[in-house]
Colleague: 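Pasting a structure here, questions to come.
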Amino acid sequence: MKKDLISVMDAAAEIHDLLDLAARLKIERGDHERPLDGKTLAMIFEKSSTRTRVSFELAMTELGGHAMFLGANDMQLGRGETVADTAKVLSRYVHGIMYRARSNQMMRELAANSTVPVISGLDDLEHPCQALADLLTVKERKGGLRGLRLVYMGDGNNVCNSLMLAAAAAGMDMTACTPEGRMPDRAIGDKAAALAKETGGSVELSHDPREAARGADVLYTDVWVSMGDGTDSVMARSIFSPYSIDEGMLSLAAEDAIVLHCLPAHRGEEISAGAMDGPQSAVFDQAENRLHAQKAVLHWLLR
Ligand code: CP
């Protein structure tokens, strides 16, 4: 039976194996096996992308396969053909589908109608490949994951949702620190809390950025207004500015804390230039690690 990766939950049981595989493929880059010879990944984008597009295409090439970029507006999907029919047709041609979708409902509809693995390149609920790259980065910098305190600051969005699940699956102590009206998805929070009980980790919600930042091993943030989110930018500044990661907040964290951001970043908003470009930032390692983490995912699902 085919497997998909549309939620971190789809990979929760394999998370440590996937991170180990990603780390090996990173070390052996240019010299590792090419198990996807003759395989093609269709990549459907309903939203714009730099990292997801480039890293998936490169990952397929370096694993011996081929990736095909499909902008939704250049397909019949953009003219009303259903997601279900698109999934059925693409399944007759390709070996896997990477989908950056407008909604989790469309993602699930595509996966339900596809006979080949479907990998999420983000939807409005989750961004699982980003979370794998995030944990790979923490593991590289800190030498492990279990027992580390990861604090996410800002909007309780798709990145935050997937990070809660991934951190819980890895046995980390995760705090999602958001304004009251912008908390992460409640059902995902419940799943993450249940998962953390099994792994010895923990999941907490907070609205107090200074208290949450105290002693953190990892401080993580994302843009205040995500793609497709209608929040007004003046309103966003008033809600989110106390959650901005700057030098003051960083001074509350552990002395050797690292700073993460999934990018693209807005310096002077959710993160200061000093935090983003300073010695504690692992942001560009994190961006590079999208490539290695996704290679592990493709290896796992398409080989
Ligand atoms: N972080 C992330 O998904 O980047 P892109 O939107 O550029 O793909």
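The figures here come from the full heavy-atom set of this structure, side chains too, leaving out hydrogens, waters and symmetry mates. Atoms within a ligand are numbered from 1 in the order they appear, just like the ligands themselves. For clarity, every value in this text was computed on a predicted model and none was experimentally measured.
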Colleague: Under 3.5 Å, N or O to N or O, is Pro264 touching ligand 1 that way?
Modeller: no
Colleague: Give me the atom names and distance for the closest heavy-atom approach of Asp256 to Gln280.
Modeller: C-NE2, 4.4 Å
Colleague: Tell me whether Tyr99 contacts the main-chain N or O of Met43 through its side chain, where contact means a donor paired with an acceptor under 3.5 Å.
Modeller: no
Colleague: Any heavy atom of Leu263 sitting closer than 4.0 Å to ligand 1?
Modeller: yes
Colleague: Where is the nearest protein heavy atom to atom 2 (C) of ligand 1: which residue, which atom, and how far?
Modeller: Arg290 NH1, 3.4 Å
Colleague: Going by the order shown, which atoms of ligand 1 are within less than 4.0 Å of some heavy atom of Cys262?
Modeller: 1 (N)
Colleague: Nearest 0.5 Å, what's the CE-CE distance between Met164 and Met172?
Modeller: 14.0 Å
Colleague: Show the nearest heavy-atom pair for residues Pro242 and Met249, with the distance to one decimal.
Modeller: O-CE, 3.8 Å
Colleague: Just jot down the ligand 1 atoms closer than 4.0 angstrom to any heavy atom of His127, in number order.
Modeller: 2 (C), 3 (O)
Colleague: Counting C-beta onward and ignoring hydrogens, is there a side-chain heavy-atom pair between Lys2 and Thr115 closer than 4.5 Å?
Modeller: no
Colleague: Please list the nearest protein heavy atom to atom 7 (O) of ligand 1 with its residue and the distance rounded to 0.1 Å.
Modeller: Thr50 N, 2.7 Å
Colleague: Which distance, rounded to the nearest 0.5 Å, do you find between the CG of Asn161 and the CG of Asp185?
Modeller: 5.0 Å
Colleague: So which protein heavy atom does atom 4 (O) of ligand 1 come closest to, and at what separation?
Modeller: Arg51 NE, 2.9 Å
Colleague: Measure the shortest side-chain to side-chain distance between Cys262 and Tyr220 over non-hydrogen atoms and say whether it is less than 4.5 angstrom.
Modeller: yes
Colleague: Classify the contact between Lys47 and ligand 1 as side chain, backbone, both or neither, using a heavy-atom distance cut-off of under 4.0 Å.
Modeller: neither
Colleague: What residue and atom, counting heavy atoms only, is the protein's closest point to atom 6 (O) of ligand 1, and at what distance?
Modeller: Arg100 NH1, 2.9 Å
Colleague: So, is Arg53 polar-close to ligand 1, with some N/O to N/O distance under 3.5 Å?
Modeller: no
Colleague: Assess Arg53 against Phe69: is NZ or CZ under 6.0 Å from the centre of the six-membered ring, and within 45 degrees of the ring's axis?
Modeller: yes
Colleague: Taking only heavy atoms of Gln130 into account, list the atoms of ligand 1 that are under 4.0 Å away from them.
Modeller: 1 (N), 2 (C)
